[in-house]
Trainee: 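This is the structure, below, for whatever I ask next.
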Number of protein chains: 2
Amino acid sequence: MARAATTSDAFNAIAEPRRRQILLFLADREYSVNEIVDGLRVDQPSVSKHLRVLRDTGLVRMRCNGRQKLYRTNAEGIRPLYEWASEFERYWTHQLSRVKDRAEKKAASRAAASDSNSRNHSRNQEE
Amino acid sequence: MARAATTSDAFNAIAEPRRRQILLFLADREYSVNEIVDGLRVDQPSVSKHLRVLRDTGLVRMRCNGRQKLYRTNAEGIRPLYEWASEFERYWTHQLSRVKDRAEKKAASRAAASDSNSRNHSRNQEE
DNA sequence: TTGACATATGCCGATATAGGAATATGATTC
DNA sequence: GAATCATATTCCTATATCGGCATATGTCAA
């Protein structure tokens with residue numbers, strides 16, 4: 001079995017760098033497809049295909065205006081990603097404080113050793 | 001060209017649901033591979049392969065302990081994702097207020113029209 | 001050393017891409 | 001209706017998966 005269909009959820013949709021680029025581009029205001037093509041220097045069919053994926057996953061909204069179609073990022077669709085990542089926020093703050101502790105300890109020992117040129121050979125067990 | 005290598009960046013790594021599951025599982029503390037296998041009911045080779053991807057993208061850390069290897073989520077690796085999604089935070093708060101406005105407007109018109117059974121034929125231009 | 005345990009890797013087949021080129025659909029204007 | 005502009009879709013090929021299975025590597029214990 002291959003990877004889950006990219007069209008099924010937001011996580012897969014944003015795995016593609018170009019689509020992330022498009023999402024940022026369309027965050028501020030609506031743009032027509034050709035404006036995206038010109039703005040990002042990507043082939044039109046490619047843009048259309050990416051927009052299709054983004055639309056199917058609810059990451060962009062589309063509005064018809066005469067013969068053009070105006071796309072805009074639907075930030076709500078990105079929220080689940082944000083929320084998923086937020087689950088780990090408390091962990092990385094913990095890790096950060098650990099790093100800070102280490103840095104302070106190092107600074108302390110450096111101060112103690114003054115200018116004895118301690119070459120920091122102590123490899124911690126954190127890989 | 002196919003999709004970018006999953007091993008290259010965190011965005012691709014978390015596109016796989018099983019890997020997200022593993023990351024959450026390993027968030028609190030270290031687990032050996034077999035503990036993951038038992039905990040998540042996934043084949044051992046599959047777990048090892050997912051761990052390989054997660055390790056290559058810096059999303060988990062590994063530590064050897066005798067014949068077992070202990071894995072743990074490296075929350076720092078998830079931070080770029082969080083930061084990317086955060087870019088859109090202000091937009092979805094905006095959109096939320098817009099949605100709220102619309103809901104209030106609708107409620108108002110409904111109250112005005114009382115029970116005239118307005119079938120909401122006015123397709124808004126937002127698709 | 002041999003065997004048991006823990007984990008990783010290699011090979012396979014099926015599938016889902018992404019990009020490029022050509023073309024189809026759709027709307028507007030003359 | 002014909003020509004034109006704007007966008008979408010289709011067909012193609014190369015590649016990157018994922019899962020399952022077998023097997024290799026690595027570590028400890030008797």
Side-chain angles (χ1 to χ4, degrees), chain A residues 1-23 25-26 30-57 59-73 125 127, chain B residues 1-23 25-26 30-57 59-72 123 125 127:
Chain A
M1 217 176 285
R3 186 185 289 180
T6 191
T7 187
S8 55
D9 72 331
F11 285 93
N12 277 290
I14 66 154
E16 177 64 37
R18 194 82 68 181
R19 285 198 282 266
R20 292 200 295 275
Q21 192 185 11
I22 292 175
L23 284 174
F25 190 75
L26 298 177
E30 291 177 328
Y31 283 96
S32 73
V33 176
N34 267 338
E35 284 173 326
I36 304 171
V37 168
D38 293 347
L40 303 184
R41 310 296 202 90
V42 187
D43 284 344
Q44 178 267 313
S46 185
V47 170
S48 279
K49 277 185 273 191
H50 284 309
L51 287 172
R52 178 85 166 122
V53 172
L54 292 172
R55 211 159 90 83
D56 287 349
T57 54
L59 291 174
V60 299
R61 286 277 161 76
M62 190 263 280
R63 182 171 76 86
C64 292
N65 180 22
R67 69 178 102 182
Q68 32 187 0
K69 311 205 174 173
L70 302 177
Y71 285 85
R72 176 167 192 176
T73 297
Q125 61 190 22
E127 193 189 15
Chain B
M1 219 175 284
R3 185 184 290 180
T6 192
T7 187
S8 54
D9 71 332
F11 285 93
N12 276 291
I14 66 153
E16 177 65 37
R18 194 82 67 181
R19 284 197 284 265
R20 292 200 295 275
Q21 193 186 10
I22 292 175
L23 285 174
F25 190 74
L26 298 178
E30 291 178 328
Y31 283 96
S32 74
V33 176
N34 267 339
E35 284 173 326
I36 304 172
V37 168
D38 293 347
L40 304 184
R41 310 296 202 89
V42 187
D43 283 345
Q44 178 267 312
S46 185
V47 169
S48 278
K49 277 186 268 191
H50 283 309
L51 287 172
R52 177 84 166 124
V53 172
L54 292 171
R55 211 158 92 84
D56 286 350
T57 53
L59 290 174
V60 299
R61 285 278 161 76
M62 188 263 279
R63 183 170 75 88
C64 293
N65 180 22
R67 68 179 103 180
Q68 33 186 358
K69 309 204 175 172
L70 303 177
Y71 285 87
R72 177 167 191 176
R123 286 195 73 51
Q125 57 193 25
E127 192 197 10

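In what follows, chains are A, B, ... by sequence order, proteins preceding strands, each numbered from 1.
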Trainee: Determine: side-chain N/O of A/Arg52 to OP1/OP2 of D/dA8, distance under 4.0 Å, yes or no.
Mentor: no
Trainee: Hey, does the side chain of A/Tyr31 come within less than 4.0 Å of D/dA6's phosphate (OP1/OP2), counting only N and O?
Mentor: no
Trainee: Whole angstrom is fine here: how far is it from NE2 in B/His50 over to C1' in D/dG20?
Mentor: 12 Å
Trainee: How would you list, by chain and number, every residue that makes a side chain to side chain donor-acceptor pair (under 3.5 Å) with B/Gln68, sequence neighbours excluded?
Mentor: none
Trainee: Under the rule for salt bridge (Lys or Arg N to Asp or Glu O under 4.0 Å), what residues qualify as partners of A/Arg20, not counting sequence neighbours?
Mentor: B/Asp9
Trainee: Between C/dA21 atom P and A/Lys49 atom NZ, what is the distance in whole Å?
Mentor: 11 Å
Trainee: What does the B/S/- profile of nucleotides 25-30 of chain C look like, 5' to 3', with a 4.0 Å heavy-atom cutoff to protein?
Mentor: --SSS-
Trainee: Only distances under 3.5 Å count here; give the side-chain donor-acceptor pairs of residues 38-50 of chain A to other protein atoms, sequence neighbours excluded, each with its distance to 0.1 Å.
Mentor:
| from | atom 1 | to | atom 2 | distance (Å) |
| --- | --- | --- | --- | --- |
| A/Gln44 | NE2 | A/Ser48 | OG | 3.1 |
| A/His50 | ND1 | A/Arg19 | NH1 | 3.2 |

Trainee: Do any of residues 35-46 of chain A sit with a heavy atom less than 4.0 Å from DNA chain D, and if so which?
Mentor: A/Gln44, A/Pro45
Trainee: In this structure, how many angstroms lie between the C1' atom of D/dC28 and the CD atom of B/Gln68, rounded?
Mentor: 11 Å
Trainee: Taking salt bridge (Lys or Arg N to Asp or Glu O under 4.0 Å) as the test, write out the residues that go with A/Arg67, two or more places apart.
Mentor: none
Trainee: Within the structure, does a side-chain N or O atom of A/Asn34 lie under 4.0 Å from either OP1 or OP2 of D/dT7?
Mentor: yes
